[in-house]
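Remember, predicted model here, so these are calculated numbers, not experimental data.
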Amino acid sequence: MLLKRYSVFIALVIATLASLVLSFGGHPVWLAIFCVLFPLVLVGVFDITQSEHSLLRNYPVIGSVRWIFEALRPYLRQYLMEDDQSGRPFNREDRSIVYARAKNEEDRQPFGTQLDTYAAEYEWMTHSLAPAPVAKEPFRVEVGGPECARPYSASVLNISAMSFGSLGRNAIEALNLGARNGGFYHDTGEGGFSPYHRIHGGDIVWELGSGYFGARNRDGTFSPEHFAERAADDQVKMVEIKLSQGAKPGHGGVLPAAKVTPEIALTRGVPMGEDCISPSRHSAFSTPAQMMEFVARLRALSGGKPVGIKLCVGHPSEVFALAKAMVKTGIRPDFVVVDGAEGGTGAAPHELADHLGMPLREGLILMRNALVGTGLRSEVRLAASGKVTSGFSMAANMAIGADWCNAARAFMFSLGCVMSMRCHTGACPTGVTTNDPHLQRGLVVPEKAARVTSFQHHTVGALADLVAAAGLSHPRELLPHHVWHRVSPIEVKPLDRIYPFLAAGVLLEGPEETPYAAEWEAADADSFAPVSPVGPRRAA
């Protein structure tokens, strides 16, 4: 048995010794063979003597083949094994349409759909026998209620939150230049409003997370003075309070002191040589009502710019608590961005990324119902963020309540991302999610900015085609019954027969008649914690 396990290594040693002896005859071929085999013998010796991997100790040299194939597995699977629909988290078809539109290449397909229209989860939009003319002008959404002195006209597709540090400087520059040229906004992400967001002057939505980066005191608390100074910048069009994100809701983070570069320190307003801490919760407020007061405070400090919130939906009672706080205080955020749990451009613990937070569709419908059910929907804009890559994904989100969509990974694809899944290592081969200057050199800002603009333009154009085919003039006219879903091989339903869609004001007038009676009863404007039981209690 021992001989069997070591047979490859023994044969390698014998062949190496033989080639060494034969090389003394002066023939260069044997010397070349020896030079190839001798390093493998050294690998075998190392395998036998190391103590970390039992497989290598028992099967020297040949055991290393496992690690080689394990390292190559993602690439072999992606390029050789997977079909166009089976890749994760984005399949080849989704990525290919982004690449084609970013490069301004042909994005039409011949010979009909490759999708199985009788497979579960297949979806489609209904069309009209009297289609409307395709809109000539890009769709816009006015954001900002009566309390706003400086409302903003947003595009229906924008760049979602991705921080400087998570993305490299060239990627940030290219995204912002593309946004400026295309007339859509660029969300800074929690990492702050960096110098690279400023260079090209594209519209900015400044995301303010629990670390208050760029608007913080030395102790990490919110600084009204620093906020007012930066929010006054004409490039900042709106402010977004981040409560949670799809990739890792309810989770804070620490950027170790060693990774706090001078640029990051300047952008985030943190000192060099200290850990940069992003807490899991905000210190500026502790209840839903206080959060609404914080919204009003930021609106005033920014000179009347729209202020909204972004969250991945968790406990339904907390969503209703936010709605109750809006009713109680009379303060409305100008917009709410719902981030789906399927989203995320950075690294996150597996359990949080895979099993925490509500997927976009369910979260968006819940938020829509909270606003509609309390009569607030006309005063608060609603946006969707999570796996938006095409005109249909936008249309489906808008049919269930979104006014506009944000995309992150799709815009990364437009920059050249090949989904190598190395975003968290600093070794991104296309220079998108790395601060390595040599890797960033491969990302040429003017070239990639044009692709960012082109992808957004063509995708919004595809949305316009769908809207016109449905006989409508603007995506705000899309309704749940316009999208049908196959629930089994022999049954299909429109979305309004699958999910609950509340009538206006019903949560105020008769919450017991809704599916959310217990969650509504548990919600309190003065507490994020439920004030009454939701569901059965744990047995004693």
Side-chain angles (χ1 to χ4, degrees), residues 138 140-144 148-209 211-216 222-223 226-242 245 263-264 266-269 295 298-310 333-337 339 345 381 383 385 403-408 411-412 414-415 445 448-449 452-453 456:
R140 310 296 295 189
V141 178
E142 292 298 316
V143 189
C148 279
R150 302 175 66 180
Y152 177 64
S153 177
S155 172
V156 292
L157 179 59
N158 305 281
I159 300 171
S160 194
M162 293 181 283
S163 300
F164 168 59
S166 176
L167 301 191
R169 56 172 291 179
N170 286 15
I172 294 291
E173 276 196 54
L175 289 171
N176 195 257
L177 178 56
R180 188 199 72 184
N181 294 340
F184 49 99
Y185 76 65
H186 180 190
D187 192 313
T188 64
E190 187 179 3
F193 185 19
S194 77
Y196 306 110
H197 289 98
R198 301 173 187 269
I199 292 174
H200 302 290
D203 288 355
I204 285 293
V205 170
W206 181 12
E207 183 178 273
L208 203 63
Y212 307 115
F213 298 126
R216 60 188 263 145
F222 175 70
S223 168
H226 290 154
F227 173 80
E229 179 183 354
R230 293 203 172 189
D233 193 311
D234 286 339
Q235 196 179 344
V236 176
K237 304 301 181 183
M238 301 196 293
V239 177
E240 177 181 279
I241 304 168
K242 190 198 92 168
Q245 66 187 85
E263 288 177 324
I264 290 176
L266 176 65
T267 297
R268 299 195 176 196
V295 167
L298 296 186
R299 190 184 289 132
L301 289 169
S302 67
K305 295 179 180 179
V307 176
I309 61 175
K310 167 188 154 182
D334 295 292
F335 62 94
V336 175
V337 177
D339 201 15
T345 56
R381 296 287 183 248
S385 176
D403 291 303
W404 75 82
C405 295
N406 293 338
F411 279 106
M412 287 172 63
S414 75
L415 291 175
V445 171
K448 301 304 183 184
V452 169
T453 303
Q456 196 268 358

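Using cut-offs of 30° and 60° for the angle between ring planes, the Phe222 and Tyr212 rings count as perpendicular.
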Please walk me through it: do Val143 and Asp403 pass side-chain contact (heavy atoms from CB on, under 4.5 Å)? CA-CA 10 Å; Val143 189; Asp403 291 303; over 6 Å; no
Requested in this report: Take Asn181 and Gln456 through the side-chain contact (heavy atoms from CB on, under 4.5 Å) test and state the conclusion after the steps.
Outcome: CA-CA 11 Å; Asn181 294 340; Gln456 196 268 358; over 6 Å; no
Open item on the list: Assess the residue pair Ile172 and Ser194 against the criterion (side-chain contact (heavy atoms from CB on, under 4.5 Å)); give the C-alpha distance rounded to whole Å, side-chain angles, the decisive distance to 0.1 Å, and a yes or no.
Closed with: CA-CA 9 Å; Ile172 294 291; Ser194 77; 4.2 Å; yes
Exercise for review: Apply side chain to side chain donor-acceptor pair (under 3.5 Å) to the pair Asp203 and Tyr152, showing each step before the final yes or no.
Suggested key: CA-CA 10 Å; Asp203 288 355; Tyr152 177 64; 2.8 Å; yes
Item to check | Working for side-chain contact (heavy atoms from CB on, under 4.5 Å), residues Ile264 and Phe213 | outcome: CA-CA 10 Å; Ile264 290 176; Phe213 298 126; over 6 Å; no
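A salt bridge does not link Lys310 to Asp187: none of the charged nitrogens lies less than 4.0 Å from a carboxylate oxygen. One finds no salt bridge joining Lys305 and Asp233 here, because no Lys/Arg side-chain nitrogen approaches an Asp/Glu carboxylate oxygen to under 4.0 Å.
With a 4.5 Å cut-off on side-chain heavy atoms, Leu167 and Leu175 count as touching. Annotation: side chain of Asp234 is in contact with side chain of Arg150 (closest heavy-atom distance under 4.5 Å). In this structure the side chain of Pro195 reaches within 4.5 angstrom of the side chain of Thr267, judged on heavy atoms. Two residues are said to be in side-chain contact when any heavy atoms from C-beta on lie closer than 4.5 Å; Asn158 and Trp404 meet this criterion. Taking the side chain as every heavy atom from C-beta outward, Phe164 and Thr188 never approach each other to under 4.5 Å. Under the 4.5 Å side-chain criterion, counting only non-hydrogen atoms from C-beta, Tyr185 is not in contact with Lys237.
The two atoms that bring Val445 and Asn170 nearest to each other are CG2-O, 3.7 Å, heavy atoms only. Heavy atoms only, all atoms of each residue included: Gly144 and Pro151 are closest at CA-CB, 4.3 Å. The nearest pair of heavy atoms linking Glu190 to Glu207 is N-OE2, 2.9 Å. Annotation for Ala171 and Leu415: closest pair CB-CD1, 4.0 Å, computed over non-hydrogen atoms. Here the closest non-hydrogen pair linking Pro333 and Val295 is CA-CG1, 3.9 Å. Closest heavy-atom contact between Ser160 and Asn406: CB-CB, 3.7 Å.
Using modelled atom types, one finds no donor on one side chain facing an acceptor on the other under 3.5 Å when comparing Asn176 with His200.
Proximity of a side-chain donor or acceptor of Ser302 to a complementary backbone N or O of Leu298 within less than 3.5 Å is detected. In terms of modelled atom types and a separation under 3.5 Å, the side chain of Arg268 and the main chain of Gly192 share no donor-acceptor contact.
Taking CZ of Arg180 as the start and NE2 of His186 as the end, the distance is 14.0 Å to the nearest 0.5 Å. Atom CZ of residue Arg216 and atom OG of residue Ser223 lie 10.5 Å apart, to the nearest 0.5 angstrom. Ser385 OG to Gln245 CD: the interatomic distance, rounded to the nearest 0.5 Å, is 10.0 Å. Atom CE of Met412 is separated from atom OG of Ser166 by 7.0 Å, given to the nearest 0.5 angstrom.
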